[in-house]
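Structure record follows, encoded as structure tokens.
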There are 2 protein chains.
Amino acid sequence: MKHTYEYPRAALTVDCVVFGFDGGALQVLLIRRGLAPFKDHWALPGGFVRVEETLDDAARRELQEETGLKDLFLEQLYTFGSVNRDPRERVVSVAYYALTKPADHTTAASTDAAEARWFPVTDIPPLAFDHAEIFATALARLRGKLTYQPIGFELLPPKFTLTQLQRLYESVLGTEIDKRNFRKKVLSYDLLIPLKEQHREGAHRPAQLFRFDPVKYERLKKKGFLFEI
Amino acid sequence: MKHTYEYPRAALTVDCVVFGFDGGALQVLLIRRGLAPFKDHWALPGGFVRVEETLDDAARRELQEETGLKDLFLEQLYTFGSVNRDPRERVVSVAYYALTKPADHTTAASTDAAEARWFPVTDIPPLAFDHAEIFATALARLRGKLTYQPIGFELLPPKFTLTQLQRLYESVLGTEIDKRNFRKKVLSYDLLIPLKEQHREGAHRPAQLFRFDPVKYERLKKKGFLFEI
DNA sequence: TTGACTTCGTGTTAAAATTACACATTACTT
DNA sequence: AAGTAATGTGTAATTTTAACACGAAGTCAA
């Protein structure tokens, strides 16, 4: 079936920058393109927006189709509209960034069609289209956002230790943080709930596990809350 | 001439939230629609993106066509993609926000076709489409941005007094600020250049005029500079 | 069982930033 | 010359941030 319009129209796509944290380094999920253009290049997961779905829906649908990931933290990033970003025709892409918890990672591994792989953000391969620019924008946004909204929890498992949270902040922001000051600050927000469990690993003292309180999180977000580590 | 595609495509538009400051209150520029749908309703200036122009270009072009404004501070805001935001067909709109200096205002008044008018942001009429939501998003962004980037100058004339700058911050943020602390803080950034002129008005002591240093401004922006009043 | 090893968990002090607060100055007006 | 109105300026108290070290708790191996 053909669709005809009075004036030429750009194609509309979504592209997603999916971040993950493996405990050591911040990672980004890329897929290998099976088709031209940029066949066999790595690219951000994404695809065309259907005319009867919202942009958010399109992003979630494409993510699930291409990587198997669902139910993750997803926010619109920026819309990229250079005239020649796609060699075939005019394509405008609404970019999103997403944060995944480690439990989701395995799901992502068990993806079907296209090859999907995690890359450390410090070492990503050349990307198709203008995806390098999109990625850079997303990383900058994540860095900025992390310092004034407590979204870091979205990258950790539901139960985590303060050291894990600190490692996350350190690897996203690329800085070292004083342990005592970090704990003091984080706990002062009264956002973390200590669990009765401990995390045992290796030949050393076990660590207290925490989960974060989504109710207080929502309340703070509404106040235009600044998190600042 | 007709244009035909394999799948249906959304129409792509830009909409602009133009802020101005008249010394007292923050204003937004609206135009009255001459055509259906929402004929005679107030709406944000905007229009269709041409297939051979970037999104930024489209926003600037529409602004000039509909309001006469050009060369203003313009940044992409968010892309609105609800399925039924336009009753005619699927329309995705890339929203921008813009800041104008008072000198531009007169230009805006002398617009041609559609009626254009400034409204105080605290008292805007019902808007067409989902423009109320776009406006609210823009105002929130401006408030947020003002507290960590020195974009306030974009709303003032090239020469301004510290009191004018303070009034601007107060009316955008909706708070009162201590005069001495405000001056101390603003001057400490070393971003303002005192002029040899003074601003005389009314039966009282004249005020020192300043301009802001665009070179230092750019340098600070690159550092991921926080302005925070 | 004992000692070595490794990460966890905690408090104080100095420095810096923020907040609160009041009055003399300067020009215009009458 | 006196009245009026906004400008311009400093200090002290409080809060926040930054720097810094060591005992506690568990595992492992001898």
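Per chain, numbering begins at 1; letters A, B, ... match sequence-line order. If you're wondering where the values come from, they're calculated on a predicted model, not measured in any experiment.
Between B:Phe160 atom CZ and D:dT7 atom C1' the separation is 16 Å, expressed in whole Å. Between the NE2 atom of B:His204 and the C1' atom of D:dA5 there is a distance of 6 Å, given to the nearest Å. Across the protein-nucleic acid pair, A:Lys185 atom NZ and D:dT16 atom P stand 9 Å apart, rounded to whole Å. The nearest whole Å value for the distance from the CG atom in B:Leu209 to the P atom in D:dT7 is 11 Å. For the pair B:Gln198 CD and C:dA27 P, the interatomic distance rounds to 6 Å; values are reported in whole Å.
Within 4.0 Å (heavy atoms only), A:Gln208 reaches sugar-phosphate atoms of the nucleic acid but no base atom. Across all strands shown, A:Thr161 has no heavy atoms under 4.0 Å from either base or sugar-phosphate atoms.
Applying the 4.0 Å criterion to OP1 and OP2 of C:dG9, one finds that A:Arg183 has a side-chain N or O inside that range.
Of all nucleotides listed (D:dA24, D:dA18, D:dT9), D:dT9 comes nearest to the side chain of B:Arg180. The side chain of B:Arg200 lies closest to C:dC28 when the candidates are D:dG26, C:dG11, C:dC28.
Checked against a 6.0 Å centroid threshold, the rings of B:Phe212 and B:Phe160 do not count as neighbours.
Figure legend: A:Arg117 and A:Phe119 shown as a cation-pi pair, the cationic atom lying under 6.0 angstrom from the six-membered ring centre and within 45 degrees of its axis.
Contact of B:Arg205 with D:dT7 (side chain to base): a donor-acceptor pair of N or O atoms is detected under 3.5 Å.
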